[in-house]
Amino acid sequence: MLDPKELRNNCEALTARLRRRGFELDTAQYSELEARRRDLQVDTQTLQNERNRQSKTIGQAKARGEPIEGLLAEVAQLGEQLRVTSEVLETVQVELHRLQLEIPNVPHPSVPDGAAEADNIELSRWGMQPVFDFTPRDHVELGALNQEMDFEAGAKLSGARFVVLRGRLAQLHRALTQLMLDLHTRDHGYEEVHVPYLVNAQAMLGTGQLPKFEADLFRVVVENPLFLIPTAEVPVTNLVRERILEADTLPLRFVCHTPCFRSEAGSYGKDTRGMIRLHQFEKVELVQVARPDASYDALEELTGHAEKVLQLLELPYRVVALCTGDMGFAAAKTYDLEVWLPGQQRYREISSCSNCEAFQARRMQARWRNPESGRPEPVHTLNGSGLAIGRCLVAVLENYQEADGRVRVPAALQPYLGGRAYLDD
RNA sequence: GGAGAGGUGGCUGAGUGGACGAAAGCACCCGACUUGAAAUCGGGCGAGCCUACGGGCUCCGGGGGUUCGAAUCCCUCCCUCUCCGCCA
């Protein structure tokens, strides 16, 4: 949510900034609603004030044992008037709030302009793409060699876009998770948290999945619905919902390993092969809650923490600045990390690191006490994958493969796999 | 799942229809005393919104209702605790 005061006072400037990401705010509609809200609110509050004063008078008269019939008659039609205006006010406020919740975040000035993925800017590359003297297989072929990556079993149990991993691949998956958690907790100063995988609608509203993107979620339970988390960002960021944090506790740094569930509505026909786009995958997520004046440094830091995983695994990758049109709803600025996949001969997203500034904080009323103003003000929230585990497994398989289909174990991972040099040793 | 007790400010906790956004204590901040600290004394100290910047409105778990007036009464949902049952 954008700052309603800004929206009221600087509507034109905000609209121009939103246009950069392809969002057209209906300013006429918004300002009209806003004006009606203000008038109705003033009217309602005036009536409430009147009612409160008269009620007080009645109470005092009663206490003195004086008759109150006359006073009651005076108040008689006040209640009805108040009921009518406050009802109208309520509907206007609901409508206004609905509009506010559907406006995406404003891009940071440093975000490159663009309409889609093709307009993203590559910032840097790390590592050497491996050279093979054979045609590299993709992860699906590699996984099939030992029958340890089983999409048919996934389909039998659950449907398309599910996978079963067995044996060495299941272990590799676990080892990657462990490596990431150890790195972020030991070297990067994150507190590990374990959180629910089912959350209520309010949590989803806080981080921005609701109300606009319900189609992307799996919903369970009909009355008091719960939703399967699409990312740990949701429960972890919501840890600070409706809290006022003291300045000296910031930044908060959380790392969290969870499964992620995405309905992938609208992605039919995209990445249907392999483990790139599944309904269920696992991720180690980094979340920071920062002072506003420190959040962009925190974004660089957090992105660096995610990069470190790829560096440890010696996987070639590049850093991309998402353009305005490719960023997520809640993000003010996003860096994607894209890992090189020899099987596809291209870079694929493996991490997305965003500064949401105060966008989520305002929705969830996450604040800090600013010592300079002495007042509670919204914090800035950041999140990033550190990393997506399934895609990381894909990257290890494809980058570390040999001609006979065997897969070497990256040195950093060997301690987690019994010191094996090859996956199938 | 069954029975009971509860949900009030950062924390503890009083308040069962009228001057209550809310006693008291703790914590915290400012000041006095002190060489300094502690103790003591005095004062301050919730959040959100609107504003003609004088003020005003809302919030006592969420929602709804009764009433001129609700923290207080009624309905409903959620959550917590105790006991019983079941269970990893």
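None of the values given here were measured: they were computed from a predicted structure. Note that these values count all heavy atoms, side chains included, but never hydrogens, waters or copies made by symmetry. Here is the naming used below: chain letters follow the sequence lines, and residue numbers restart at 1 for every chain.
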For atom P, what is the distance between B:C28 and B:C60, given to the nearest Å? 29 Å

Who are the side-chain hydrogen bond (donor to acceptor under 3.5 Å, both in side chains) partners of A:Arg174, not counting sequence neighbours? none

Is the A:Phe254-A:Tyr190 ring centre distance short of 6.0 angstrom? no

Take A:Asp3 and A:Arg8 through the test salt bridge (Lys or Arg N to Asp or Glu O under 4.0 Å) and record every step on the way to the result. CA-CA 9 Å; A:Asp3 186 347; A:Arg8 196 178 314 146; over 6 Å; no

Can you find a heavy atom in the side chain of A:Thr91 that is under 4.5 Å from one in the side chain of A:Glu87? no

Neighbour count >12 (heavy atoms, 6.0 Å) for atom NZ, A:Lys156: no

A:Leu71 CG - B:U67 C1' separation (whole Å): 16 Å

side-chain contact (heavy atoms from CB on, under 4.5 Å) with A:His257: which of A:Val195, A:Val193, A:Thr177? A:Thr177

Excluding sequence neighbours, so at least two apart, what forms side chain to side chain contact (heavy atoms under 4.5 Å, CB included) with A:Glu95? A:Gln29, A:Leu33, A:Arg98

More 5' along RNA chain B: A:Arg375 or A:Leu72, using each one's nearest nucleotide? A:Arg375

Return the polar atom pairs (N/O with N/O) between nucleotides 69-79 of chain B and the protein under 3.5 Å, or none.
from  : atom 1 : to      : atom 2 : distance (Å)
B:G69 : O4'    : A:Ser55 : OG     : 3.0

OP1 or OP2 of B:G10 versus the side-chain N and O atoms of A:Arg369: is any pair under 4.0 Å? no

Hunt down the Watson-Crick or G-U wobble partner of B:C20, both distances under 3.5 Å, from any strand shown, or write none. none

Within the 3.5 Å criterion, strictly below it, is a donor on A:Asp43 or A:Thr85 matched to an acceptor on the partner's side chain? no

For the P atoms, the ones on B:A47 and on B:G42, what distance do you get once it is rounded to whole angstrom? 25 Å

Calculate the interatomic distance between A:Arg362 atom CZ and B:G48 atom P; express it in whole Å. 13 Å

Check whether any side-chain nitrogen or oxygen of A:Asn49 sits under 4.0 Å from OP1 or OP2 of B:G56, and answer yes or no. no

Starting at CZ of A:Arg53 and ending at C1' of B:G55, how long is that distance when rounded to a whole Å? 13 Å

Could you list the protein-to-nucleotides 49-53 of chain B atom pairs, N/O on both sides, closer than 3.5 Å?
from  : atom 1 : to      : atom 2 : distance (Å)
B:C49 : O2'    : A:Gln41 : NE2    : 2.8
B:C50 : OP1    : A:Arg8  : NH1    : 2.9
B:C50 : OP1    : A:Arg8  : NH2    : 2.4
B:C50 : O4'    : A:Gln41 : NE2    : 3.3

What distance, rounded to whole Å, do you find between the two P atoms, one in B:A22 and one in B:A71? 12 Å

If you look at every strand shown and take non-hydrogen atoms under 4.0 Å, does A:Gln48 touch a base, only sugar-phosphate, or nothing? sugar-phosphate

Expressed in whole Å, how much space separates the C1' atoms belonging to B:A14 and B:C68? 28 Å

Interatomic spacing from CD in A:Glu357 to OG1 in A:Thr381 - rounded to 0.5 Å: 9.5 Å

Any donor-acceptor N or O pair under 3.5 Å, side chains A:Lys283, A:Thr258: no

Nucleotide N/O of nucleotides 19-23 of chain B paired with protein N/O under 3.5 Å:
from  : atom 1 : to      : atom 2 : distance (Å)
B:A19 : N1     : A:Gln60 : NE2    : 2.7
B:A19 : N3     : A:Gln60 : NE2    : 3.4

RNA chain B: A:Thr44 or A:Ile244, which has the more 5' nearest nucleotide? A:Ile244

In whole angstrom, what separates A:Gln365's CD from B:U58's C1'? 13 Å

Could you tell me the Watson-Crick or G-U partner of B:C28, where both distances fall under 3.5 Å? Say none if there is no partner. B:G44

Rounded to whole Å, how long is the line connecting atom CG of A:Asp248 with atom C1' of B:A27? 15 Å

Answer yes or no: does atom CD of A:Glu246 have more than 12 heavy-atom neighbours from other residues, nucleotides or ligands under 6.0 Å? yes

Between C1' of B:G61 and CD of A:Glu242, the distance in whole Å: 11 Å

Checking N1-N3 plus N6-O4 or O6-N4 for Watson-Crick, or N1-O2 and O6-N3 for wobble, each under 3.5 Å, the partner of B:A14 is none

Using the glycosidic torsion, which applies to B:G61: syn (within 90° of 0) or anti (everything else)? anti

Partner lookup for B:C86, please. Criteria are Watson-Crick or G-U wobble with both distances under 3.5 angstrom; report none if nothing qualifies. none

Using the C1' atom as the point on both nucleotides, what is the distance between B:U72 and B:G21, in whole Å? 15 Å

For B:C79, which nucleotide in any strand shown is its Watson-Crick or wobble partner with both distances under 3.5 Å? B:G6

Option among A:Val236, A:Leu382, A:Val234 that satisfies the side-chain contact (heavy atoms from CB on, under 4.5 Å) test with A:Val287: A:Val236

How far, in whole Å, is B:C79 from B:G61 if one measures between their C1' atoms? 7 Å

Does any pair with a residue in residues 142-151 of chain A pass side chain to side chain donor-acceptor pair (under 3.5 Å), and if so which ones, sequence neighbours excluded? A:Asp150-A:Arg166

On a whole-Å scale, what distance lies between the C1' atoms belonging to B:A23 and B:G13? 10 Å

Could you measure between the two P atoms, the one in B:G4 and the one in B:U8, and give it in whole Å? 22 Å

Distance only, no hydrogens: is a donor on one side chain within 3.5 Å (strictly under) of an acceptor on the other, for A:Glu338 and A:Tyr317? no

Whole-Å gap separating C1' (B:G17) and CD1 (A:Ile58): 13 Å

Without decimals, in angstroms, what is the distance between A:His97 NE2 and B:G48 C1'? 13 Å

Please determine, for B:A38, whether a Watson-Crick or G-U wobble partner exists with both distances under 3.5 Å, and give it or none. none

